[in-house]
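Encoded as structure tokens, the structure appears first; notes follow it.
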Amino acid sequence: LCEFVASVAFGELPAEVLNVLRTGEVVAQRKGETEVRPLLVAATLRRLGLRAVVKAKKEQLREAAGDNQYGVGRKSGAQLLKKRLEAAVELRPAAVVLKVDLKAAFQNMHRDKAYAAVTTCEAEVASVLQTWYEGESTHLWRDIGGHYHEIGSTRGFDQGCPLAAAAFAIGQRSVLD
């Protein structure tokens, strides 16, 4: 099983199988009274394989992401960032924080920017990233009548993808440093 999961992670599969594993189903989850949060349910084998890659390269990815980010190698990064901002504002009472938006950041990252940044520091992970995110990803949404609709994606990283945080943080490092 381990060998097969590794072959999935590195994309060592027939193109047809890889395409199926790149496809996820978008489902809606209620968020509060009026909002809906879209969730992507991806292939379990893909997630297992990519999680193993991230775990094996944990230290290299943390180093590549740098110290000015809160998503890779930091437990509860969003909470830590919030506390750091609160402390900074307390130290500077005249300072104002207009807005901190932590929503959908991974889904809006330009893939080519992240891929280029990852390539410069971790070639093996860059190859895996390219396998799963090169070109358009197609996901499926099922309407109330049970009919499926395709949703194309050429930007960002799939929600829940084990590589998403590292790709995003490494892709943003040049801006944050």
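For this chain, numbers begin at 1 and follow the sequence in order. Because only heavy atoms are used, hydrogens play no part in the values below, and waters and symmetry mates are left out as well, while side chains stay in.
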For L39, the other hydrophobic cluster members (4.5 Å side-chain criterion, sorted by chain and number) are V27, V41

Correct closest heavy-atom pair for M109 and A167 would be CE-O, 4.3 Å

*side-chain contact (heavy atoms from CB on, under 4.5 Å) between D158 and H139, intermediate numbers included*: CA-CA 10 Å; D158 296 341; H139 301 303; 3.1 Å; yes

Output, in order, the C-alpha distance, side-chain angles, deciding distance and verdict of side-chain contact (heavy atoms from CB on, under 4.5 Å) for D143 and H149. CA-CA 8 Å; D143 66 24; H149 305 273; 2.8 Å; yes

Trace of the side-chain contact (heavy atoms from CB on, under 4.5 Å) decision for L140 with E150:
CA-CA 5 Å; L140 303 173; E150 290 186 359; 3.9 Å; yes

In this structure, OG1 of T23 is separated from CZ of R46 (nearest 0.5 Å) by 9.0 Å

Take V8 and W132 through the side-chain contact (heavy atoms from CB on, under 4.5 Å) test and state the conclusion after the steps.
CA-CA 10 Å; V8 169; W132 292 102; 4.0 Å; yes

Between G171 and K113, the two heavy atoms sitting closest are O-CE, 3.2 Å

side-chain contact (heavy atoms from CB on, under 4.5 Å) filter on V17, not counting sequence neighbours, yields L13, P14, L21

- Hey, quick one: are L18 and V125 part of the same hydrophobic cluster, counting side-chain heavy atoms closer than 4.5 Å, chains of contacts allowed? yes

Sorted by chain and number, sequence neighbours left out, side chain to side chain donor-acceptor pair (under 3.5 Å) with R155 holds for H110

From the list V53, L50, L48, side chain to side chain contact (heavy atoms under 4.5 Å, CB included) partner of V5 resolves to L48

d(Y133 OH, S153 OG) to nearest 0.5 Å is 8.5 Å

_Does atom CD (E25) have a neighbourhood of more than 12 heavy atoms from anything else shown, all under 6.0 Å?_
yes

query: Think R111 forms a cation-pi with F168, using NZ or CZ under 6.0 Å from the six-ring centre and within 45 degrees of its axis?
result: no

*asked:* Taking R62 first and then D67, would you say they form a salt bridge - that is, a charged N and a carboxylate O separated by under 4.0 Å?
replied: yes

One should read off an interatomic distance between K57 NZ and E124 CD, to the nearest 0.5 angstrom, of 4.5 Å

